[in-house]
S.K.: 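Encoded as structure tokens, here's the structure I'll be asking about.
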Amino acid sequence: MKKSVILRAVVIIMALCSIILALIIAYFFTTDIETREPEQIIEECEIDIYTYMERNVFTISKKGTEKNNTSNYILYFHGGSYVAEATDNHWTFLENIVRDTGYTVIMPDYPLTPKYNYKDVYNMVEPLYKEIIEKIGNDNIIIMGDSAGGGLTLGLYEKVANENIELPTKTILISPWLDVRLENENIKKIEKRDTILNKDTLRLAGIAYAGNDGINSYLVNPIDGDLSKLENIKIFIGTDDLLNPDCKLLKEKAEEVNGNVEIKEYEGAKHIWMIDNNSEQSITQEAYNDMIEELENK
């Protein structure tokens, strides 16, 4: 009697777990995750929002700046493994850049997986890029991104280069995710030192982002793109970031075809340390200062 009661209870619990799991999966595949304006804003900055292709685009500028007189812009793609919205740390990071450079930052709330895949993302960001350079000129725009947003940034660069569209004056990538397949053998040497990223979890996000046909597309894995057209690409990466080996491989492959990629590597720095303060303050501040210098030396 007791055994049958226990068995029945186990069956009920398993059924409930299955229902809960199904609800969680359904939530993530049907919910449109969106970046929202931060609750706390640095006093020197203001944020404007406009709608583009039914998505929000955030413009962060220094207070008191005449919009028509702003000459320097950054088109920024946030990271989050293509599944997560911009964090409070992203907002603080971008507001610091605006404060320290006077530049205006444009950050699109691009579509996120698993509801959307890479095709949906590029269907938004490429026309947005074209529209921006038509308004302000390619000499006045820097494109920039971190982690997955860094991969998207380079993929967009390669796509517009292939289509002979005007290129940005500079491209800055922070801890970029250049290959969602993560097959580089040298990753194994760093995995134990990387306390931020998990390779297996990343792969699952990458598969979802790639959709049914994109796992080998250069738009998903910009390390496989046409690297001969890369100009003025700056990568900031730490030694304790499992994405480090693919950054070095990108540079090697680019050099073989006369592409221009420069890597700034920081000893002991972890994934997107400049944004999330994942390393010692001295390392973080050094890298941040170097990045500001890169931004100002167009």
Side-chain angles (χ1 to χ4, degrees), residues 20-37 51-58 75-91 94 106-129 143-160 173-184 187 194 196-225 241-243 246-247 250 271-272 275-276:
I20 293 171
L21 180 60
L23 289 172
I24 291 172
I25 292 172
Y27 172 80
F28 279 107
F29 274 85
T30 58
T31 299
D32 193 354
I33 301 171
E34 298 179 343
T35 291
R36 301 188 183 280
E37 192 174 354
T51 302
Y52 184 83
M53 296 179 68
E54 300 183 351
R55 309 290 302 185
N56 283 334
V57 178
F58 301 91
L75 177 59
Y76 193 93
F77 299 103
H78 69 81
S81 305
Y82 298 115
V83 302
E85 68 274 28
T87 65
D88 287 343
N89 286 333
H90 280 109
W91 283 109
L94 295 179
I106 302 168
M107 183 177 70
D109 177 33
Y110 60 88
L112 297 172
T113 196
K115 183 174 182 179
Y116 302 101
N117 61 38
Y118 77 102
K119 291 180 180 178
D120 301 304
V121 175
Y122 281 94
N123 284 342
M124 177 199 179
V125 301
E126 183 180 9
L128 176 64
Y129 172 81
I143 59 173
M144 186 173 175
D146 69 275
S147 194
L152 172 57
T153 299
L154 187 60
L156 175 62
Y157 180 106
E158 292 172 351
K159 192 172 192 300
V160 297
L173 312 175
I174 302 171
S175 300
W177 191 13
L178 304 173
D179 188 344
V180 304
R181 297 161 300 194
L182 297 169
E183 295 173 341
N184 192 325
I187 290 175
D194 189 334
I196 308 298
L197 299 178
N198 178 279
K199 186 168 70 174
D200 294 331
T201 303
L202 277 179
R203 276 178 172 163
L204 290 175
I207 290 169
Y209 177 64
N212 295 327
D213 61 355
I215 198 62
N216 293 313
S217 169
Y218 82 89
L219 296 177
V220 176
N221 310 295
I223 198 169
D224 290 341
D241 186 335
L242 65 79
L243 302 183
D246 279 335
C247 292
L250 175 77
H271 188 63
I272 61 168
I275 299 167
D276 286 348

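All values reported here derive from a predicted model rather than from experimental measurement.
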S.K.: Could you report the tightest heavy-atom contact between Leu154 and Leu178, atom names first, then the distance?
M.R.: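 For Leu154 and Leu178, the tightest heavy-atom pair comes out as CD2-CD2, 3.8 Å.
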S.K.: Using a 3.5 Å distance criterion without hydrogens, assess whether the side chain of Tyr76 forms a donor-acceptor pair with backbone atoms of Leu94.
M.R.: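 No; zero donor-acceptor contacts below 3.5 Å.
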S.K.: If the condition is side chain to side chain contact (heavy atoms under 4.5 Å, CB included), which residues does Val57 pass it with, not counting sequence neighbours?
M.R.: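 Side chain to side chain contact (heavy atoms under 4.5 Å, CB included) check on Val57 returns Tyr50, Tyr52, Ile106, Pro108, Met124, Leu128.
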S.K.: Determine the minimum heavy-atom distance between Leu202 and Trp177, stating which atoms define it.
M.R.: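 Here Leu202 and Trp177 meet closest at O-CH2, 3.2 Å.
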S.K.: Can you name the side chain to side chain contact (heavy atoms under 4.5 Å, CB included) partners of Asp200, sequence neighbours left out?
M.R.: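 Here the qualifying residues are Asn198, Arg203.
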S.K.: Minimum heavy-atom separation for Glu158 to Pro222, with atom names?
M.R.: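 So the minimum-distance heavy-atom pair works out to OE2-O, 2.7 Å.
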S.K.: Please check if the side chain of Asn221 supplies one atom and the backbone of Ile223 the other of a donor-acceptor pair under 3.5 Å.
M.R.: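 Between the backbone of Ile223 and the side chain of Asn221 there is no qualifying donor-acceptor contact (under 3.5 Å).
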S.K.: Return the minimal non-hydrogen interatomic distance between Arg55 and Tyr110, and the atom names on each side.
M.R.: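 That closest heavy-atom pairing would be NH2-O, 3.5 Å.
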S.K.: Do the side chains of Asp224 and Asn216 get nearer than 4.5 Å, heavy atoms only?
M.R.: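 Sidechains of Asp224 and Asn216: no contact.
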S.K.: Is Thr87 reaching over with its side chain to a backbone N or O of His90, donor-acceptor style, under 3.5 angstrom?
M.R.: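 Yes, because the side chain of Thr87 sits within donor-acceptor range (under 3.5 Å) of the backbone of His90.
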S.K.: For residues Asp146 and Ser175, determine if any side-chain heavy atom of one lies less than 4.5 Å from a side-chain heavy atom of the other.
M.R.: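 Counting from C-beta outward, Asp146 and Ser175 never come under 4.5 Å.
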S.K.: Determine yes or no for a side-chain-to-main-chain donor-acceptor pair under 3.5 angstrom, with Ser81 supplying the side chain and Ala205 the backbone.
M.R.: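 No, Ser81 side chain to Ala205 backbone: no donor-acceptor pair under 3.5 Å.
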S.K.: Measure the acute angle between the ring planes of Tyr82 and Tyr209, then classify it against the limits of 30° and 60° as parallel, tilted or perpendicular.
M.R.: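 Plane angle under 30°, so parallel.
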S.K.: Pick from Ile187, Leu243, Asp241: which one makes a side chain to side chain contact (heavy atoms under 4.5 Å, CB included) with Asp194?
M.R.: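 Going through the options one by one, the only one that passes is Asp241.
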